[in-house]
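Shown next, in structure tokens, is the structure this report addresses.
Source: prediction; values computed, not measured. FYI, the numbering just counts along the sequence from 1.
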Amino acid sequence: MHLPVDFIKKYKKLLGDEASAFFASFDDEAVAAFRTNPLKKAQVTFEHPIPQTPWGYYGKISGKSVAHTTGLIYSQEPAAQMVAQVASPQKGMRILDLSAAPGGKSTHLLSYLDNTGILVSNDISTKRSKILAENIERFGARNTIVTNESSHRLAKVFSGYFDMIVFDGPCSGEGMFRKDPAAIQYWHRGYPSECAALQKEILQEALKMLAIGGKLIYSTCTWSPEENEDVVKWLLETYPYLELVDIPKINGMVAGIDISEVARMYPHHFRGEGQFVASLRDTRSKKVVSFKTAKSNLTRQQQIYWQDFTKKYLNQSLKGILQVFGNQLYLLPEELPDLKNVKIIRNGLHLGVFKKGRFEPSFALGVALSSDEVRHTIEIDIEQFVTYVSGNVVKLNKSVPNGWYQVLCQGNGLGFAKVTADTLKNFYPKGLRF
């Protein structure tokens with residue numbers, strides 16, 4: 001791989017005797033990996049687990065496979081998986097993933113939350129935030145709001161709100177050179193310092209949203225000290241109530257430059273791409289702060305339609321705040337502030353749509369629910385799966401009563417669909433068909 005001259009000079013100086021092995025690693029193939037989704041009821045055993053991780057595996061999974069389509073797996077390279085693993089949030093936490101697209105960290109954080117607490121998953125790019133929302137939906141999240149905002153605007157709504165903030169900062173991307181060689185063309189000697197200035201600007205707003213006693217996870221996919229250790233030093237100097245939490249060095253992680261508590265991932269030590277991660281804790285005494293929360297806005301008739309659907313098709317009621325936007329019904333996490341001034345891409349879990357005299361369930365609801373939460377399910381085989389995801393109706397092998405069914409393949413949800421006269425009508429979203 002042809003690396004910039006200034007990059008080579010920089011890392012020869014930083015790495016010394018290790019520089020040759022470091023540069024040689026750029027000629028190796030990028031390491032592919034994925035995580036399994038513990039939120040899904042039907043699990044599959046895979047080979048080649050990543051050591052000391054709860055859900056990580058080496059290898060590639062097709063984006064057209066049943067496992068990917070039903071959200072059972074999420075592709076994410078090994079070093080990137082370490083960010084949420086370092087975070088390891090507790091159930092019930094309120095978390096902000098500030099720069100979240102395409103969704104690797106958010107879906108990983110959701111694995112720890114286990115449908116409890118709140119995750120606000122944000123990206124400032126409109127295009128990327130839509131991809132983020134699609135990946136969150138496939139994962140089957142119920143407690144997640146996807147937003148498309150700047151940190152400045154979010155801070156006005158979520159002041160002192162989050163127990164944990166995860167910020168994977170926009171960076172010079174040195175750790176992605178092997179995976180995405182096109183990133184090399186953007187790199188120049190002053191680029192890391194430019195990125196560091198932006199990271200600090202965003203962090204100033206982010207820390208306004210951190211609850212007293214909360215935790216900040218700061219990461220980049222670069223090795224530049226300007227964007228890593230220097231930013232951490234700036235945080236400790238600017239916010240003296242923050243302290244570093246030591247990160248266990250597993251699978252070839254190494255300590256930072258002059259800061260032992262942080263972790264670096266180099267491809268000649270760690271089987272993966274490049275990553276830096278730091279964990280900082282607010283040492284002030286934690287306070288309980290109350291917030292004005294969102295409320296349900298359903299009409300009486302809409303409540304009746306939803307209750308009728310729940311009674312007929314679900315085995316239990318869903319916990320959260322029911323809100324209607326237009327004729328679309330959503331389930332929002334409890335204890336969520338009023339978000340009227342926030343640009344929202346995915347407002348909690350989309351439950352479905354109110355139509356004349358009835359309620360129709362959404363694709364997202366059929367993906368999020370497990371089979372034991374639904375009264376009527378129908379399992380399709382691989383051949384029928386291929387037919388269904390391409391947008392065609394499926395002829396059923398046996399006669400079942402007409403009505404709504406959760407469509408399952410290999411035990412996990414593919415949304416809701418209607419059965420009429422031994423035919424499974426196609427409700428798979430047009431934008432997802434293949």
Worksheet item: Can you check side-chain contact (heavy atoms from CB on, under 4.5 Å) on Leu96 and Leu210, steps first, answer last?
Response: CA-CA 9 Å; Leu96 171 64; Leu210 188 66; over 6 Å; no

Worksheet item: Under the side-chain contact (heavy atoms from CB on, under 4.5 Å) criterion, do Leu132 and Ser121 qualify, and how do the steps go?
Response: CA-CA 8 Å; Leu132 170 62; Ser121 188; 3.4 Å; yes

Discussion item. Could you go through Glu227 and Ser172, starting from their C-alpha distance and side-chain angles, then the distance that decides it, and tell me whether this counts as side chain to side chain donor-acceptor pair (under 3.5 Å)?
Written reply: CA-CA 8 Å; Glu227 302 168 79; Ser172 56; 2.6 Å; yes

Worksheet item: Can you list the steps and then say if Met1 with Ile184 is a side-chain contact (heavy atoms from CB on, under 4.5 Å)?
Response: CA-CA 10 Å; Met1 180 179 289; Ile184 296 172; 3.6 Å; yes

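Aromatic ring centroids of Tyr313 and Phe416 lie 6.0 Å or more apart. The aromatic ring centroids of Trp55 and Tyr112 lie less than 6.0 Å from each other. Between Trp223 and Phe177, a ring centre-to-centre spacing not shorter than 6.0 Å is recorded. Between Tyr330 and Phe325, the distance from one ring center to the other falls under 6.0 angstrom.
Note on Arg94 versus Glu335: salt bridge recorded, some NZ/NE/NH1/NH2 to OD/OE distance being below 4.0 Å. In this structure, Lys233 does not pair ionically with Glu229, as no charged nitrogen and carboxylate oxygen lie closer than 4.0 Å. Between Glu149 and Lys156 there is no salt bridge, since no side-chain N of the basic residue sits under 4.0 Å from a carboxylate O of the acidic one.
The closest side-chain heavy-atom distance from His68 to Arg138 is below 4.5 Å. Trp234 has its side chain within reach of Leu203: a pair of non-hydrogen atoms, C-beta onward, lies under 4.5 Å apart. Put simply, the side chain of Gln199 does not reach to within 4.5 Å of the side chain of Glu226, judged on heavy atoms. Proximity of Met209 to Tyr161: side-chain heavy atoms (C-beta onward) are nowhere separated by under 4.5 Å. Taking 4.5 Å as the limit, every side-chain heavy atom of Tyr241 sits out of range of all side-chain heavy atoms of Ile212. Considering only heavy atoms from C-beta on, Gln384 comes within 4.5 Å of Asn397 through its side chain. Contact of the Asp163 side chain with the Lys215 side chain is not registered, since no non-hydrogen atoms from C-beta on lie closer than 4.5 Å. For the pair Leu424 and Ile380, the minimum side-chain heavy-atom distance is below 4.5 Å.
Summarising the geometry of Gln275 relative to Val83, their closest heavy-atom pair is NE2-CG2, 3.5 Å, with the distance given to 0.1 Å. Between Pro170 and Ile202 the shortest heavy-atom distance is CG-CD1, 4.0 Å. Pairing each heavy atom of Lys249 with each of Val262, the nearest pair is CE-O, 3.0 Å. Contact between Gln85 and Gln52 at its shortest, heavy atoms only, is NE2-O, 2.7 Å. In this structure, Ala141 and Leu349 approach most closely via the heavy-atom pair O-CD1, 3.9 Å. Nearest heavy-atom pair across Leu113 and Gly92 is CD2-N, 4.2 Å.
For the pair Glu77 (side chain) and Glu273 (backbone), a donor-acceptor distance under 3.5 Å is present. The backbone N or O of Leu329 lies less than 3.5 Å from no partner atom in the side chain of Gln323, so there is not a single donor-acceptor pair. Side-chain atoms of Ser296 come within 3.5 Å of backbone N or O of Leu322 as a donor-acceptor pair.
Crowding of Gln90 atom CD: a count of heavy atoms from other residues, nucleotides or ligands under 6.0 Å not exceeding 12. Atom CD of Gln301 is surrounded by more than 12 heavy atoms from other residues, nucleotides or ligands within 6.0 Å. Other residues, nucleotides and ligands contribute only 12 or fewer heavy atoms inside 6.0 Å of the NE2 atom of His152. Counting heavy-atom neighbours within 6.0 Å of Glu47 CD, excluding the residue itself, gives a total of 12 or less. Remark: Lys64 NZ is loosely packed, at most 12 non-hydrogen atoms of other residues, nucleotides or ligands lying under 6.0 Å away. Residue Tyr186 qualifies as open at atom OH: its count of foreign heavy atoms under 6.0 Å is 12 or below.
Here the CE atom belonging to Met82 is positioned 8.5 Å from the CD atom belonging to Gln76, to the nearest 0.5 angstrom. Taken to the nearest 0.5 Å, the OG atom of Ser129 stands 4.0 Å off from the CD1 atom of Ile345. Remark: Asn347 CG to Thr147 OG1 distance equals 10.5 Å, nearest 0.5 Å. Note that the OG atom of Ser370 and the CG atom of Asn412 stand 9.0 Å from one another [nearest 0.5 Å]. Residue Cys409 holds its SG atom at 11.5 Å from CG of Leu72, rounded to the nearest 0.5 Å.
Asp123 pairs in a salt bridge (Lys or Arg N to Asp or Glu O under 4.0 Å) with only one of the listed residues (Lys130, Lys343, Arg128), which is Arg128. Checked options Phe309, Phe359, Phe427; the residue passing with Trp404 is Phe427 (criterion: ring pair (Phe, Tyr, Trp, His ring centres under 6.0 Å)). Among Asn148, Asn122, Val157, the one residue that satisfies the side-chain contact (heavy atoms from CB on, under 4.5 Å) test with Val342 is Val157. The one candidate from Thr116, Asp114, Asn115 that meets the side chain to side chain donor-acceptor pair (under 3.5 Å) condition with Lys91 is Asp114.
If you check the side chains of Thr107 and Asn135, you find no donor sitting under 3.5 Å from an acceptor. Side-chain atoms of His108 and Gln81 form no donor-acceptor pair, as typed in the model, at a separation below 3.5 Å. Looking at Ser219 and Asp168, their side chains do bring a donor and an acceptor atom within 3.5 Å of each other.
Between Phe158 and Phe162, the ring planes lie tilted relative to each other; the angle falls in the 30° to 60° range. Between Tyr305 and Phe354, the ring planes lie tilted relative to each other; the angle falls in the 30° to 60° range.
Partners of Lys355 according to the salt bridge (charged side-chain N to carboxylate O under 4.0 Å, His left out) rule, which considers only residues two or more places apart in sequence or in another chain, are Glu360.
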